[in-house]
Engineer: 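Sharing a structure, written as structure tokens. Questions coming.
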Amino acid sequence: MSAQTDSPSPILLTPPRKDAGDPVPRIVPVRRTGRWAAALAVLLLLAGALVSVVRNDAFQWDVVGVYLTTGSVLRGLGLTLWLTGLVMVLGFALGTLLAVFRLSGNPVLQAVGWGYIWLFRSTPILVQLLFWFNIGALYPQILGVRTVDLLSPVAVAVIGLTLHEAAYAAEVVRGGILSVERGQLEAAQSLGLGPWRRLRRIVLPQAMRSIVPPAGNMLIGTLKGTSIVSIIAVQDLLYSVQLVYHRTYEVIPLLLVATLWYVGVTSLLSIGQHYVERHYARGTADTR
């Protein structure tokens with residue numbers, strides 16, 4: 001006789017039968033009471049602060065409206081914008097050269113680039129401006145011309161701010177260059193491109209994606225940082241409103257005039273930075 005093995009019969013699982021009268025399950029969203037309460041509290045605080053600013057007579061908004069577009073303020077604004085643009089162009093030109101020095105295989109160039117960046121990042125910008133403003137005490141004449149006649153306050157501001165910005169721009173450019181894949185450089189070398197052509201045609205266009213965000217922040221920081229040149233009597237936006245409130249004693253409304261112009265220009269620059277970043281981020285996953 002052959003042994004027969006009894007195998008267990010399969011168990012059929014059937015869903016429970018619903019009667020026609022059973023209610024359909026309903027999905028209830030999570031109630032986020034705390035989140036909405038916090039948002040409401042923040043909105044109420046912001047609304048209260050805005051109302052207090054608008055209705056506070058001490059701000060003298062009528063005076064702000066009078067001086068917002070006066071000739072002296074607009075001339076100061078124009079000088080601020082001109083100084084910002086010139087310093088950024090010269091600073092990044094010098095900074096790019098310093099970044100190339102840092103990445104060079106020549107130890108002397110590496111040392112020069114590192115030493116420059118170390119020195120100008122280690123001293124406050126105010127100290128640098130005051131040093132250049134008093135350079136005549138060290139060198140009364142340059143090329144037979146009196147230093148006082150050669151370096152006006154505006155020239156001192158351009159020199160001081162440019163040398164300061166170049167140290168930071170060099171690190172921004174160097175970081176962007178290092179973000180380019182090594183294979184891109186090897187491919188350019190295999191095509192027989194020279195070092196400067198590789199940098200200009202291959203490396204920098206790809207590095208711009210990493211350079212633009214910090215460069216945009218530097219541009220906005222430089223715009224606001226130019227206000228420090230008022231200490232050497234350069235008639236920028238801040239110095240222009242200071243001249244007015246020293247005469248009229250309307251300090252708060254004149255400071256608000258400068259603040260509104262700074263906020264407006266930095267907002268426009270932030271919008272421009274957004275679109276420039278989108279331009280260089282084409283073809284990547286993040287194009288927001």
Engineer: Do other residues, nucleotides or ligands put more than 12 heavy atoms under 6.0 Å from the CG atom of L68?
Structural biologist: yes
Engineer: Nearest 0.5 Å, what's the OG1-CG distance between T80 and L238?
Structural biologist: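 Separation between the atoms: 8.5 Å.
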Engineer: May I ask you to test the L77-L81 pair for a side-chain heavy-atom distance under 4.5 Å?
Structural biologist: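 Yes, at least one pair of side-chain atoms sits under 4.5 Å.
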Engineer: More than 12 heavy atoms of other residues, nucleotides or ligands under 6.0 Å from CG of N106: is that the case?
Structural biologist: yes
Engineer: Search all heavy atoms of Q128 against all heavy atoms of F120 and return the closest pair with its distance.
Structural biologist: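 Between these two residues, the closest heavy atoms are NE2-O, 3.1 Å.
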Engineer: Sequence neighbours excluded, which residues qualify as ring pair (Phe, Tyr, Trp, His ring centres under 6.0 Å) partners of Y239?
Structural biologist: none
Engineer: Taking the side chain as C-beta and beyond, is there a heavy-atom pair between F59 and V64 under 4.5 Å?
Structural biologist: no
Engineer: Tell me the closest heavy-atom pair linking S210 and S179, and the distance in Å.
Structural biologist: OG-OG, 3.2 Å
Engineer: Passes side-chain contact (heavy atoms from CB on, under 4.5 Å), Y116 versus L94? Steps please.
Structural biologist: CA-CA 11 Å; Y116 180 99; L94 180 57; 3.5 Å; yes
Engineer: So, for L130 and N134, which heavy atoms are closest and what is the spacing to 0.1 Å?
Structural biologist: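 Heavy atoms of L130 and N134 come nearest at O-ND2, 2.7 Å.
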Engineer: Please answer: with hydrophobic residues joined when any side-chain heavy atoms are less than 4.5 Å apart, are L237 and I252 in the same cluster?
Structural biologist: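 Result: yes, single cluster for both.
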Engineer: Find the distance between CZ (F101) and CD1 (I117) and round it off to the nearest 0.5 Å.
Structural biologist: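 Taking CZ in F101 and CD1 in I117, the distance rounds to 11.0 Å.
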Engineer: Kindly compute the distance separating CD1 (I159) from CG (L90), expressed to the nearest 0.5 Å.
Structural biologist: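 I159 atom CD1 to L90 atom CG measures 10.5 Å (nearest 0.5 Å).
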Engineer: Any side-chain heavy atom of Q273 within less than 4.5 Å of one from I220?
Structural biologist: yes
